[in-house]
Amino acid sequence: MQALRFEAVELGQDAARLRAEVRAFLVEQVAAGALDARGDFVSGFSAAFSGALAARGWIGMTWPKRYGGAERSALERYVVIEELLAVGAPVAAHWIADRQSGPLLLRFGTEEQRQTFLPPVTRGTCFFCIGMSEPDSGSDLASVRTRADPVAGGFAITGRKVWTSNAHRSHFMVALARTGAAGEDRRGGLSQFIVDLTSPGLTIRPILNLAGRHEFNEVTFDAVFVPEARVVGKIGDGWKQVTSELAHERSGPERFLSVMHLLALAVAAAGRAPDARVRVAIGRLVAHLWTLRRMSLSVAGMLHSGSVPELEATIVKDLGNLFEQEAPEHLRLVVDPDAPGASAYRQALEDVILDAPSYSLRGGTREILRGIIARGLGLR
Amino acid sequence: MSEITTLIAESAARLFAGEVDKPLLDAAEAGTFPTALWTAVAAAGLPDALCLESEGLWPNWEAGAAVLVEAGRAAAPVPLAETMIARWLLAHAGVHPPDGPLSIAPTRRQGDALTLAAAGGGWTASGRLLEVAGAWHAAGLVSVVAAGGDAHLVLLAGEDLERVRRAALSGEAHADLLLSGRRAMVAPLPAGLGADVLWRAGALARSLQMAGALQRVLAIATGYAQERVQFGRPIGKFQAVQQALARLAQETAAAQAAAISAARAASQGEARFAVAAAKLRTGEAAGIAAGIAHQVLGAIGFTHEHVLHHLTRRLWTWREEFGRESDWARSLGALAAATGGDGLWPLLADD
Ligand SMILES: Cc1cc2nc3c(=O)[nH]c(=O)nc-3n(C[C@H](O)[C@H](O)[C@H](O)COP(=O)(O)OP(=O)(O)OC[C@H]3O[C@@H](n4cnc5c(N)ncnc54)[C@H](O)[C@@H]3O)c2cc1C
C-alpha cells in the first residue's frame, strides 16, 4: 500500500494580495448585477462575466505569455478560482477551456493549435466543451463507438455524444473517437480531435436536466469533417492523453465548493445566536469544508511541484462530493427554509437539492472513483 | 518538513517500531508502566519536541506532529503527548519540569474542580479532577487555574497526587485525582496564552495521534484484505470490500490533512479555528474508520489476540478526550454565526 501524502500548504503573502484583488473585483461585479445568477462550474454560464475575468488576466493565467497567459503559478490560479466558486460566480463558459482543453493543448497540441486557440480562450471569447460520454459508454469510457475515419485531408467523424455540458453555447469540442482497434487492454485505438461546433453534419440537441434546465446536450456527428491539423497529440494516444490530466480535474475546489454559497446563506439565515443544534450542524459542516480545502490545497501543492498524486486527487473528489450531497440534507433540518427573511437561503437549498445527484456522476462516478482508490491501495 | 522535523520523525518511527509490540501493549494495559520504552523516548528527546527551535510564544507543532503521528501509529502506551505539552508550557513559564512522564488537566470536564489557596508564602491546591489522561503513572501534573482574575499555571508533584485508577476504553492508565490542600508550584500563565491552552493543545495532540493510528488501521485492513482468502480469492478482490476500504482511505486522508494543517497553523499562532476543525474531523474519521476496519477483518479483528483493537480502542477514547466532535462543532458553529454569512468564506480561506 502506498502511503497517503497530505502535507500542509501555505499560500503566502502574494496569494493574499491576489485574493484581495479578486474580492474587490467581485464586489464590483455584484454592484454591476453580474452575479445575480448563481451557479456552479457547470451551470453558471455568462460570456460577459468570463470576458470581465479575462480582462483581469484570470483565464489561462498559468499559461505562457506568448499564448495570452500570465505565467502565474498553479497556486495563484487556485486562489482565483476558489474565490469565484465560493460566491457561486458564473464561470461555466470558460471553465472547461481554462481547466482542461487549454492544458491539453499545452501538453499535446501543435504550435499552430496553441496559437490558434489559446489566445482567444484567454480573452474570454472561445469556449470549449468535452465530448467523451456516449449513449452506451459512460463509466466504461474506453468502449466509445464514435468513429473517426481517415478521408482526404483529415477525418470524418460519425457517432453520437451525450451529456455534453454547454455544447450549445461553446465554440469547440474536444471529442474522443475511435480510430483503430481497441487492442487487448481495450484502451488502444482512441484519438482526440478539436471539433468546430459549427461544422456541417454536426447537430446539437438539448437534453433538459431534472430541473428542466438546458445544460447538457446530445451531439450527433454525421461524417463531420475534421482536418488533419485538428488531431490533438498522436492518433491512437487518446486514452493516455485523456487520463493524463485527471489529477488536475479531480482535486480542484469545484469538487466541494458547490455548496459554499448555500452554507453562507444558511449561516446568515440562522442569525447571530442560533441554538445549540444549529451550531453543531453548521460547525460540523464548516470543519468538513475546511478539511476538504486543506486536502485540495495539499494536492494543488504537489501538482505545483511536479508530482502527480492521482490517489490523493481521487480521494478529494469523492469526499468533496459526499460533503456537497450531505450539506443540504443536514441544513434543511436545522435551518428553517420557511423562516421569514430566509428566501435566498431557501432558493439556494432548492437549487442544490436539484443539482446534488449530479455531483457524484459528473467527472467520474463515486463507484468508479472508489475503484481507482482501491487500485491505489493495491487491491486491484 | 524542516530537517530537524524529518530527523525527529524518523527517529520516533524507528524507536516505536522497535520498542512497541503486542506483549508490551498487553502488559501496559495490565498495569505495568513500560519503563524501557519511556527511557528510550526520553533519551531521544521526544518529550521536548514542542520546544525544539520554537521561536516566540508558539510551540514547534511541526516537530510535535511528526512525533505524535508516529506515537499514534504505534499506539505507544505512554503519556508522551501530555508530557510534551506540559514540558513546553513549563519551559515557557520558566518552571523546571519534574523528570518522567507528566500529565495535563485542562479542568474542562463536567465535575472537575481545582482551586488554589495562599498558604505560608506559597500555594496549596484542592479539588477533584476526573479521568485525567496519563495521570496514573505521572511524575507531575500541569493545570491552569483562574484565581483573582488571572490565569495561573499550576504544577503538582507526583507524590502529592491522590489517585484512583480509571481504565479508559483504550486501556490507557488514566486516573481520577483528589487533592486536599496539597502544595502546588504556581506561576503566571505566559502572556498571550489563553486559559484554555491545555484544552486546545490536548485536542491538537489527540488529532495527530488519531491521524497516525488511522494510517495504521488502514494498513492493517488493506493488508488483511490482500491475504484473507474466501470463495477462492482474496477478499480485497471483492468490489464491496474495495469500496469500503476506499472509504477508510478517505477518512484517513481527511484526518491526516486536518491534523497536519492544524499543527502547521498552531506553530504560527493560536489557531483556534484550525484546531477545533481538526479535532472534529479526526474524531469523526475515527468512528467511521474503526467501523470499516472491523467489518473487513471479520471475527479475527474482534479478538483480543489481534492488534487491531489497540488502535481502534484508542481511537474511540481519543475522540472523546479534549472535546468530542459535538463540543468543537458547537464552538465552530458559534464562531460562524458570530462572523455571519458574508464572513464565513474569509474565515475558512484567510490563513
Ligand atoms: C451534470 C452532468 C454533466 C456532464 N457533463 C459531461 C460532459 O460535458 N461531457 C461528457 O463527456 N460527459 C459528461 N457527463 C457524463 C458523465 O461523465 C457520466 O455520467 C459518467 O461518466 C457516468 O456515466 P453514465 O452516466 O453513463 O453511468 P453508467 O456508467 O452507466 O453508471 C451507472 C451506475 O453504475 C455504476 N457503475 C458503472 N460501472 C461500474 C463498475 N465497474 N463498478 C461499479 N459500479 C459501476 C456507476 O457508478 C453508476 O452508479 C456529465 C454528467 C452529468 C451528470
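The figures that follow rest on heavy atoms only: side chains count, while hydrogens, waters and symmetry mates do not. Proteins come first, then strands; the chains are lettered A, B, ... in the order of their sequence lines, and each starts at number 1.
Closest approach of A/I373 to B/A249, counting heavy atoms only: CG2-CB, 4.0 Å. Contact record, B/S261 with A/A8: CA-CB, 4.0 Å, taken as the closest heavy-atom pair.
Side-chain atoms of B/W345 and A/E83, non-hydrogen and from C-beta on, do get closer than 4.5 Å to each other. In this structure, the side chains of B/K237 and A/L379 stay at 4.5 Å or more apart for every pair of heavy atoms. Counting only heavy atoms from C-beta outward, the side chains of B/Q250 and A/R370 approach each other to under 4.5 Å. B/R281 places none of its side-chain heavy atoms less than 4.5 Å from the side chain of A/R284. Side chains of B/L344 and A/M260 form a contact here, defined as non-hydrogen atoms less than 4.5 Å apart.
With rounding to the nearest 0.5 angstrom, the CZ atom of A/R5 is 14.5 Å from the CD1 atom of B/I260. Interatomic distance, B/T222 OG1 to A/L377 CG, rounded to the nearest 0.5 Å: 5.0 Å.
For B/E284, the part lying near chain A is the side chain, with the backbone staying farther off; criterion is any non-hydrogen pair under 4.5 Å. Of the two parts of B/L218, the backbone and the side chain both hold a non-hydrogen atom closer than 4.5 Å to a non-hydrogen atom of chain A. When heavy atoms are compared at a cutoff of 4.5 Å, B/T339 approaches chain A solely by way of its backbone atoms N, CA, C and O. Proximity to chain A involves both the backbone and the side chain of B/A334, based on heavy atoms less than 4.5 angstrom apart. Using a 4.5 Å cut-off between heavy atoms, B/A262 contacts chain A through both its backbone and its side chain. B/P346 touches chain A through backbone and side chain together, each having a heavy atom under 4.5 Å away.
Ion pairing of A/E10 with B/R264 is present here, as a side-chain N (NZ or NE/NH1/NH2) and a carboxylate O approach within less than 4.0 Å.
Contact tally against chain B (heavy-atom pairs below 4.5 Å) for A/I282, A/V286, A/L369, A/L285: the top residue is A/V286. Heavy-atom pairs under 4.5 Å with chain A peak, among B/A336, B/G340, B/S331, at B/G340. Of the residues considered (B/R247, B/E251, B/E325), B/R247 shows the highest number of contacts with chain A, using heavy-atom pairs under 4.5 Å. The residue among B/L348, B/V241, B/L332 with the most heavy atom pairs within less than 4.5 Å of chain A is B/L348.
Without hydrogens or angle criteria, B/Q242 side chain to A/R380 main chain gives no donor-acceptor distance under 3.5 Å.
At a heavy-atom separation below 4.5 angstrom, chain B is approached by A/R19, A/R23 within residues 13-30 of chain A. Proximity to chain A among residues 272-280 of chain B is limited to B/F273, B/A274, B/A277, B/A278, B/L280, judged by heavy-atom separations below 4.5 angstrom. Using non-hydrogen atoms only and a strict 4.5 Å limit, no part of residues 337-352 of chain A faces chain B. Of all residues spanning residues 289-324 of chain A, those with a heavy atom less than 4.5 Å away from chain B's heavy atoms are A/L289, A/W290, A/T291, A/R293, A/R294, A/M295, A/I315, A/D318, A/L319, A/L322, arranged by number.
Within a 6.0 Å sphere centred on CG of A/D275, other residues, nucleotides and ligands contribute more than 12 heavy atoms. Counting heavy atoms of neighbouring residues, nucleotides and ligands inside a 6.0 Å radius, atom CD of A/E329 exceeds 12 of them.
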